[in-house]
Amino acid sequence: MKKLMISMFLLLAAFAVKAQEATVSEAAKIEFENKLYNFGEIAPGDTVNHVFTFKNIGTAPLKILSARGSCGCTVPKYSTDAVAPGKSGEVFVRFNSAGKRGNQNKTVTLVTNDPTAQQVILTLRGNIVTAGERRE
């Protein structure tokens with residue numbers, strides 16, 4: 001009886017491990033070319049537009065569930081359609097520098113269905129300077 005219980009336990013453990021492997025192996029996986037964009041120096045009131053490109057290197061469709069800018073001046077746009085395995089997608093970000101000065105570090109937080117990257121942070125960085133402050 002004891003051997004039967006041990007055998008059953010080992011058999012159940014083996015099934016549990018296989019089920020976890022199947023879940024992990026059949027998942028979306030997001031990979032960005034770059035998560036940081038340095039826009040350099042711009043004048044107050046300028047608008048910066050940038051496209052962050054990513055690829056689904058997983059084996060299941062990838063979805064961006066939401067995207068949120070760190071402030072109202074940073075606005076992301078993305079497709080709500082799933083990105084098939086092996087295909088690429090884009091996140092468009094617009095930063096409006098009106099009313100800002102000095103070094104800026106703005107972020108966009110993505111929520112995805114990638115189990116290893118449920119939150120991804122994209123960053124726009126640069127300096128807002130007047131014409132007299134500009135380094136040529």
Side-chain angles (χ1 to χ4, degrees):
M1 182 69 170
K2 198 174 192 180
K3 286 183 180 180
L4 180 62
M5 293 295 281
I6 291 172
S7 296
M8 292 296 283
F9 176 75
L10 291 174
L11 186 61
L12 286 172
F15 281 126
V17 168
K18 278 291 186 194
Q20 286 180 343
E21 286 176 5
T23 302
V24 171
S25 66
E26 292 181 23
K29 180 141 181 70
I30 194 166
E31 179 180 74
F32 277 87
E33 289 179 9
N34 291 299
K35 293 182 195 174
L36 168 68
Y37 175 65
N38 188 332
F39 57 82
E41 290 186 345
I42 61 172
D46 284 355
T47 299
V48 174
N49 296 310
H50 183 69
V51 176
F52 290 94
T53 304
F54 65 88
K55 187 172 184 178
N56 179 4
I57 60 171
T59 57
L62 172 72
K63 285 203 64 122
I64 295 177
L65 305 173
S66 68
R68 180 178 34 88
S70 56
C71 70
C73 62
T74 308
V75 180
K77 289 185 182 176
Y78 62 97
S79 172
T80 56
D81 296 336
V83 177
K87 299 296 182 184
S88 296
E90 298 177 337
V91 177
F92 173 82
V93 181
R94 171 170 283 160
F95 167 65
N96 183 346
S97 71
K100 308 263 188 259
R101 262 193 85 175
N103 289 320
Q104 302 294 310
N105 193 51
K106 302 300 180 186
T107 61
V108 170
T109 302
L110 304 178
V111 176
T112 76
N113 69 333
D114 177 345
T116 61
Q118 291 177 335
Q119 274 197 349
V120 178
I121 297 176
L122 306 175
T123 304
L124 284 92
R125 186 176 293 158
N127 194 14
I128 301 170
V129 295
T130 62
E133 298 171 322
R134 234 172 235 233
R135 292 180 242 152
E136 299 298 328

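All residue numbers refer to positions in the sequence shown, counting from 1.
- Taking every heavy atom of both residues into account, D114 and K29 meet most closely at OD2-CA, 3.2 Å.
- Side-chain contact, N38 with R125: no donor N or O sits under 3.5 Å from an acceptor N or O.
- In this structure, A28 and P115 approach most closely via the heavy-atom pair O-CD, 3.6 Å.
- Rounding to the nearest 0.5 Å gives a distance of 9.0 Å between CD of Q118 and CG of N113.
- Side chain of T112 to main chain of A117: a donor-acceptor pair is present (N/O by atom type, distance under 3.5 Å, no hydrogens or angles).
- Atom-to-atom distance recorded for F52:CZ and L122:CG is 5.0 Å, nearest 0.5 angstrom.
- Residue N127 holds its CG atom at 12.0 Å from CG of N105, rounded to the nearest 0.5 Å.
- Considering only heavy atoms from C-beta on, T74 stays 4.5 Å or farther from T107 through its side chain.
- Within the 4.5 Å cutoff, side-chain heavy atoms of R101 are placed close to those of T130.
- The hydrophobic cluster containing F95 also contains Y37, counting ILVMFWY residues as joined when their side-chain heavy atoms lie under 4.5 angstrom apart, directly or transitively.
- Scanning both residues, A67 and L110, for their nearest heavy atoms gives CB-CD2, 3.5 Å.
- What you find for K106 and S70 is that their closest heavy atoms are CA-OG, 3.7 Å.
- With hydrogens and angles ignored, the 3.5 Å screen pairs a side-chain donor or acceptor of S97 with a backbone N or O of D46.
- A distance of 12.0 Å separates OG1 in T53 from CD in E31, rounded to the nearest 0.5 Å.
- Contact detail for P76 and V91: the closest heavy-atom pair is CB-CG1, 4.5 Å.
- Between the side chain of T59 and the backbone N or O of A27 there is at least one donor-acceptor pair closer than 3.5 Å.
- Looking only at distances, no side-chain donor or acceptor of N34 sits under 3.5 Å from a matching main-chain atom of L36.
- The structure places OH of Y78 at 11.0 Å from CZ of F54, a figure rounded to the nearest 0.5 Å.
- Atom CD in Q119 sits 7.0 Å away from atom CZ in R68 (nearest 0.5 Å).
- Using a 4.5 Å cut-off between side-chain heavy atoms of Ile, Leu, Val, Met, Phe, Trp and Tyr, with links allowed through other members, F32 and V48 fall into the same hydrophobic cluster.
- Cluster annotation: F39 and V108 are assigned to the same hydrophobic cluster (Ile/Leu/Val/Met/Phe/Trp/Tyr, side-chain heavy-atom contacts under 4.5 Å, transitive).
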